[in-house]
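Treat the numbers as computed from the prediction; the structure is a model and nothing was measured.
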Amino acid sequence: MSTTPEQIDLWRQATSEHQRLEFKEAKNQFDTRRLSEYCVALANEGGGVLLLGVADKPPRAVVGTQAFPDTVSAAEKLFEAVGFRVDIGAVTHPAGRVLVFHIPSRPRGTAYHLDGKYLMRAGEALVPMSEDQLRRIFAEGQPDWLEEPSRSGLDAQQVVELLDTQTFFELLKLPYPTERAGVIDRLAGERLIDESNGAFAIRRLGALLLAKRLEDFPDLARKAARVVVYSGTSKLETRLDQGGAKGYAVGFQGLVRFVMAQLPQNEVIEDALRKQVKLVPEVVIRELVANALIHQDFTIGGASVMVEIYSNRVELSNPGDPIVPVERFIDGYQSRNERLADLMRRMGVCEEKSSGIDRVVQAAEVYQLPAPDFRAGHRRTVVAIFGPKPFEDMDRNDRVRACYQHCCLRYVTGEKMSNQSLRDRFKLPEEKAETASRIIRDCTDAGLVKLDNPESGSKRYARYLPFWA
């Protein structure tokens, strides 16, 4: 597999390393074990290219490498270590010798391992793949859980009685057919039901979206969203525990209204007038409920989307480890359930372009709330949204988290964080510039943000980027 110097220069122009591209300086040598680990990780993520002899930091200068002088022998040893073929090319670049490792993708339904370790990349680190990720890989090629039938042996009348077809057509902004056959044809065309020998089957996807009563589908009843309201800031005293009844799409508006009705009220002063406002704005609840429904792992039994309401916060969680690392929620997007996401987008429930989390973070800034806390729990993805808290009451973690999210939000909108922009986020006066600088230093020390131009020397006009930019 031939690679030209021009192709290397093209790879060097990439804004950042990604799942299919990795640079290593390796001027003199590169650890064979480490090379095997990177090959396994890249193969597990779809294959890609590893280059030795190129600096991994912009502008990614070609420094040349003396590693693996015998590429034929290196390829043979690599095959013995990882069990699959990796093509190695030595390219004579004007700035020095570059080794290019072309790593194939793993086969469908297979994950590669090295001595029992199934590896993937997380930023610049190599980490073991999670149980969820391995389960998804091993399930490839098997029938999609959502596409299998939930109820079968039905006639057309029973299908219409079980599914809220009226709301379905309203959400799609389509006129309701004058005949039942038109309704059935539309459902079949969307692959929500199947017909065989005059009988109909409702797929799990169709039932999850459109069920009038999820309890009519025994295999889906536990997938209903659950709202739990506590009396204080802990789980000690439960005031309400309510499960959802309808399908996700037809019941979404009702679910959001129900959650909003349970939120505590806060008193604020605006234009010298006192007014009551909800703990969290509706736009935040709407976006996070939609995300939780769409991105859950349906293969985990006995678990459902949870909305837990405390006196000072709301926690939303869904079954399954996050596909995208939590620190990349603002700029990254990967749908766990593509058909579900597409249909809910078309029905106006969500947007399938990663703007939901941006909107949540932006709302926290506009309403002067603490930054949302995105975290991975035990086989669950959790988002905590906090009620209003004065800047003075925010601890170091609150401030660093807000700084990082502000930096990410500025970056994805084409801007860069500065001391002034962070002061605007916290509503701090100019005399608090040193306070903002201290927060930025803490965030930099945590490895979350970096200087845009480290060589400038000027801190006053410094601009900052997320660590991954």
Side-chain angles (χ1 to χ4, degrees), residues 130 132-133 135-136 139 144-148 150 164 167-168 171-172 190-192 203-211 214 217 219-220 222-227 243-244 246-256 258-259 282-301 303-308 314-326 328-361 363 372 374-377 379-385:
S130 69
D132 275 5
Q133 290 164 318
R135 191 164 48 250
R136 283 195 301 273
D144 189 323
W145 188 88
L146 283 173
E147 303 296 348
E148 295 189 325
S150 178
D164 188 347
T167 302
F168 173 56
L171 291 173
L172 289 177
E190 297 286 356
R191 291 180 290 142
L192 300 177
R203 295 190 184 192
R204 287 175 176 144
L205 179 59
L208 271 175
L209 288 171
L210 307 178
L214 280 171
F217 300 86
D219 57 339
L220 301 179
R222 289 294 302 273
K223 300 300 181 185
R226 184 175 159 205
V227 180
K246 297 182 178 181
Y248 294 168
V250 298
F252 183 75
Q253 293 290 0
L255 174 59
V256 171
F258 182 78
V259 171
E282 182 173 331
V283 62
V284 171
I285 295 298
R286 179 183 179 88
E287 297 295 344
L288 291 180
V289 168
N291 270 0
L293 292 173
I294 290 169
H295 295 300
Q296 64 181 299
D297 185 345
F298 288 103
T299 65
I300 298 178
S304 64
V305 168
M306 295 277 291
V307 181
E308 298 179 279
V314 182
E315 293 189 3
L316 300 96
S317 63
N318 60 266
D321 295 326
I323 298 179
V324 176
V326 292
R328 302 295 299 272
F329 273 14
I330 295 177
D331 76 298
Y333 182 85
Q334 183 177 351
S335 177
R336 177 180 260 125
N337 304 295
E338 293 182 9
R339 276 248 291 148
L340 176 65
D342 176 64
L343 283 162
M344 291 186 77
R345 175 190 59 79
R346 288 168 52 205
M347 288 188 273
V349 174
C350 71
E351 291 184 337
E352 197 181 7
K353 57 183 182 182
S354 185
S355 63
I357 296 299
D358 297 14
R359 198 170 288 127
V360 169
V361 174
F374 305 104
R375 57 182 185 266
R379 302 182 74 184
R380 292 190 77 81
T381 302
V382 184
V383 182
I385 304 296

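- Here the closest non-hydrogen pair linking Phe168 and Met347 is CD1-SD, 3.9 Å.
- Checking side-chain atoms of Arg339 against main-chain N and O of Arg191 turns up a donor-acceptor pair under 3.5 Å.
- Paired with Arg328 under the rule side-chain contact (heavy atoms from CB on, under 4.5 Å), one option of Ile330, Val324, Val326 passes, and it is Val324.
- Under the 4.5 Å side-chain criterion, counting only non-hydrogen atoms from C-beta, Leu343 is in contact with Leu192.
- Within the 3.5 Å criterion, the main-chain N or O of Trp145 finds no donor-acceptor partner in the side chain of Glu148.
- A 4.5 Å side-chain heavy-atom check between Arg136 and Arg336 finds at least one atom pair inside the cut-off.
- Side chains of Tyr248 and Leu255 form no contact here, defined as non-hydrogen atoms less than 4.5 Å apart.
- Across Glu338, Met344, Arg345, a single residue satisfies side-chain contact (heavy atoms from CB on, under 4.5 Å) together with Ile294, and that is Met344.
- The two residues Lys246 and Leu214 have their closest heavy-atom pair at O-CD1, 3.3 Å.
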List the steps, then state whether side chain to side chain contact (heavy atoms under 4.5 Å, CB included) holds for Glu315 with Val383. CA-CA 6 Å; Glu315 293 189 3; Val383 182; over 6 Å; no
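- In this structure the side chain of Glu282 never reaches within 4.5 angstrom of the side chain of Glu287, judged on heavy atoms.
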What verdict does the side chain to side chain contact (heavy atoms under 4.5 Å, CB included) test give for Val305 and Leu316, after you've listed the backbone C-alpha separation in whole Å, the side-chain angles of each residue and the deciding distance to 0.1 Å? CA-CA 7 Å; Val305 168; Leu316 300 96; over 6 Å; no
Would Arg204 and Asp219 satisfy salt bridge (charged side-chain N to carboxylate O under 4.0 Å, His left out), going step by step from the backbone distance to the final call?
CA-CA 8 Å; Arg204 287 175 176 144; Asp219 57 339; 2.9 Å; yes
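- A pairwise comparison of heavy atoms in Ser317 and Arg380 identifies OG-NH2, 2.9 Å as the closest pair.
- When all heavy atoms of Asn318 and His295 are compared, the pair lying nearest together is ND2-O, 3.6 Å.
- Of all the heavy atoms in Thr381 and Gly320, the pair that sits closest is OG1-O, 2.8 Å.
- Two residues are said to be in side-chain contact when any heavy atoms from C-beta on lie closer than 4.5 Å; Phe329 and Pro322 meet this criterion.
- Counting all heavy atoms, side chain and backbone alike, Ala249 lies closest to Leu171 at O-CD1, 3.7 Å.
- The residues Glu190 and Arg346 are annotated as salt-bridged, a charged nitrogen and a carboxylate oxygen being separated by less than 4.0 angstrom.
- For the atom pair Asn337 CG and Asp144 CG, the distance stands at 7.5 Å (nearest 0.5 Å).
- Atom CZ of Arg222 has 12 or fewer neighbouring heavy atoms from other residues, nucleotides or ligands inside a 6.0 Å radius.
- Among the candidates Leu208, Leu209, Val349, the single residue satisfying the side-chain contact (heavy atoms from CB on, under 4.5 Å) test with Leu340 is Leu209.
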Check: Could you go step by step and tell me if Arg226 and Ser304 meet the side chain to side chain donor-acceptor pair (under 3.5 Å) rule?
Finding: CA-CA 7 Å; Arg226 184 175 159 205; Ser304 64; 5.7 Å; no
What do the steps show when you test Asp297 against Arg135 for salt bridge (charged side-chain N to carboxylate O under 4.0 Å, His left out), and what is the final call? CA-CA 10 Å; Asp297 185 345; Arg135 191 164 48 250; 3.6 Å; yes
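- Here the CG-CZ distance, from Leu288 to Arg359, works out to 11.0 Å after rounding to the nearest 0.5 Å.
- Once rounded to the nearest 0.5 Å, the distance linking CD of Gln296 with CE of Met306 reads 12.5 Å.
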